[in-house]
Amino acid sequence: MKSDSVDFIERLQKLEVSAFEQVVQWHSDDVFRLAYLILGNHDEAEDVLQETFLKLIQRIKSGQFGLHNGSIKSFLLTCARNLCIDRVRQRTIRAKSQKQIQINNDWNLPESPYSVARERDIHTILANALDSLPENQRLIFVLFEFKGDSYKEIADALQIPLSQVKTQLHRARRKLRQRLEKYRGEL
């Protein structure tokens with residue numbers, strides 16, 4: 001089995017079209033399903049699917065992909081998950097910015113450079129705090145807090161026990177609280 005994996009990776013590294021077609025055929029449904037579960041949007045899930053396979057191609061072309069990366073499927077799912085998290089973050093940032101603009105428009109207030117800079121600082125602090133979480137905790141936190149998925153939906157989507165979802169979410173919140181404590185009163 002190991003030699004089959006080595007042969008297949010070598011075919012990918014030689015940029016054989018048939019090898020890429022096999023990877024797409026074998027794994028596109030799983031990648032799309034994960035992206036759709038996280039994003040809840042068909043078009044965005046399609047975009048993530050394409051971006052994920054482009055990342056694989058870029059990694060292979062640059063010589064950075066091999067057996068040391070683990071299985072192709074785990075690489076693709078990790079890549080898709082990270083792309084989805086980035087999209088969820090961007091949605092949150094855009095939604096907050098739109099809300100602030102709407103408040104300013106409702107009150108006919110111009111956006112001051114201070115308020116724009118302040119909001120940018122807050123987003124940076126929060127993004128850095130989220131980035132400090134282990135991937136599994138960050139994903140569960142994003143799905144629960146930003147996307148609004150239930151514990152069960154997250155457990156089903158990630159194929160993990162419900163108790164693990166609750167534990168990881170609790171740990172993520174605790175780590176974020178600790179990380180953001182020094183900003184207490186500023187945010």
Side-chain angles (χ1 to χ4, degrees), residues 23-24 26-56 58-59 64-65 67-100 119-187:
V23 170
V24 171
W26 292 338
H27 302 298
S28 61
D29 287 344
D30 291 331
V31 172
F32 177 81
R33 191 176 306 112
L34 175 67
Y36 186 77
L37 285 169
I38 294 172
L39 299 171
N41 181 294
H42 187 275
D43 293 335
E44 279 192 290
E46 286 280 339
D47 290 346
V48 167
L49 175 68
Q50 291 177 10
E51 288 177 50
T52 300
F53 282 102
L54 284 174
K55 293 246 185 227
L56 175 65
Q58 290 168 348
R59 199 48 92 74
Q64 296 176 340
F65 191 86
L67 287 175
H68 62 278
N69 292 103
S71 74
I72 294 171
K73 182 177 181 176
S74 66
F75 172 83
L76 291 170
L77 292 176
T78 299
C79 183
R81 179 186 66 209
N82 291 341
L83 289 168
C84 289
I85 289 170
D86 290 344
R87 285 175 177 261
V88 169
R89 275 192 202 132
Q90 288 303 315
R91 278 187 199 164
T92 304
I93 290 168
R94 277 193 301 266
K96 286 181 180 179
S97 296
Q98 289 299 323
K99 184 176 179 182
Q100 184 61 43
E119 189 164 328
R120 194 173 303 131
D121 288 345
I122 291 170
H123 290 302
T124 302
I125 291 167
L126 292 174
N128 289 339
L130 278 173
D131 285 342
S132 73
L133 294 175
E135 285 186 29
N136 59 337
Q137 290 177 9
R138 181 175 56 226
L139 177 61
I140 291 169
F141 183 84
V142 167
L143 289 173
F144 187 82
E145 296 294 342
F146 294 134
K147 190 166 179 285
D149 287 354
S150 69
Y151 295 127
K152 181 162 179 16
E153 289 171 327
I154 295 169
D156 291 345
L158 301 179
Q159 299 176 348
I160 59 175
L162 189 64
S163 61
Q164 188 175 351
V165 171
K166 292 177 180 180
T167 300
Q168 294 300 327
L169 183 60
H170 173 74
R171 289 178 181 163
R173 286 176 173 158
R174 186 178 64 221
K175 286 178 184 173
L176 286 173
R177 226 177 279 116
Q178 290 169 348
R179 177 86 183 210
L180 297 172
E181 180 65 31
K182 62 184 171 187
Y183 301 104
R184 188 181 197 125
E186 293 179 36
L187 297 178

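Put simply, CD1 on Ile140 and CD on Gln168 are 5.5 Å apart, with the number rounded to the nearest 0.5 Å. The CG atom of Asp149 sits 9.0 Å away from the CD1 atom of Ile38 when rounded to the nearest 0.5 Å. Atoms CG and OG1, on Leu162 and Thr167 in that order, are 9.5 Å from each other to the nearest 0.5 Å. For the atom pair Leu34 CG and Gln159 CD, the distance stands at 9.5 Å (nearest 0.5 Å). Note that CD1 of Ile72 is 13.0 Å distant from CZ of Arg59, once rounded to the nearest 0.5 Å. The CD atom of Glu153 lies 9.5 Å from the CG atom of Leu143; values are rounded to the nearest 0.5 Å.
At least one donor-acceptor pair under 3.5 Å links the side chain of Ser132 to the backbone N or O of Ala129.
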Pairs of donor and acceptor atoms involving the side chains of residues 48-55, under 3.5 Å and at least two apart or interchain, shall be tabulated with distances.
from	atom 1	to	atom 2	distance (Å)
Glu51	OE2	Arg87	NH2	2.5
Thr52	OG1	Val48	O	2.7

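Residue Val31 comes nearest to Ala80 through the heavy atom pair CG1-CB, 3.8 Å, listed as atom of the first residue, atom of the second, then distance. Looking at every heavy atom in both residues, Tyr36 comes nearest to His42 through CE1-N, 3.5 Å. In terms of heavy-atom proximity, Cys84 sits nearest to Ala35 at SG-CA, 3.5 Å.
Between Tyr151 and Phe144, the ring planes lie parallel to each other; the angle is under 30°, not in the 30° to 60° tilted range.
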Kindly indicate, with the supporting measurements, whether the criterion side chain to side chain contact (heavy atoms under 4.5 Å, CB included) is fulfilled by Leu76 and Val23. CA-CA 10 Å; Leu76 291 170; Val23 170; 3.9 Å; yes
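Applying the salt bridge (Lys or Arg N to Asp or Glu O under 4.0 Å) definition to pairs two or more places apart or across chains, those involving residues 154-178 are Glu145-Arg173, Lys152-Asp156.
Arg138 places a side-chain heavy atom less than 4.5 Å from the side chain of Asn82.
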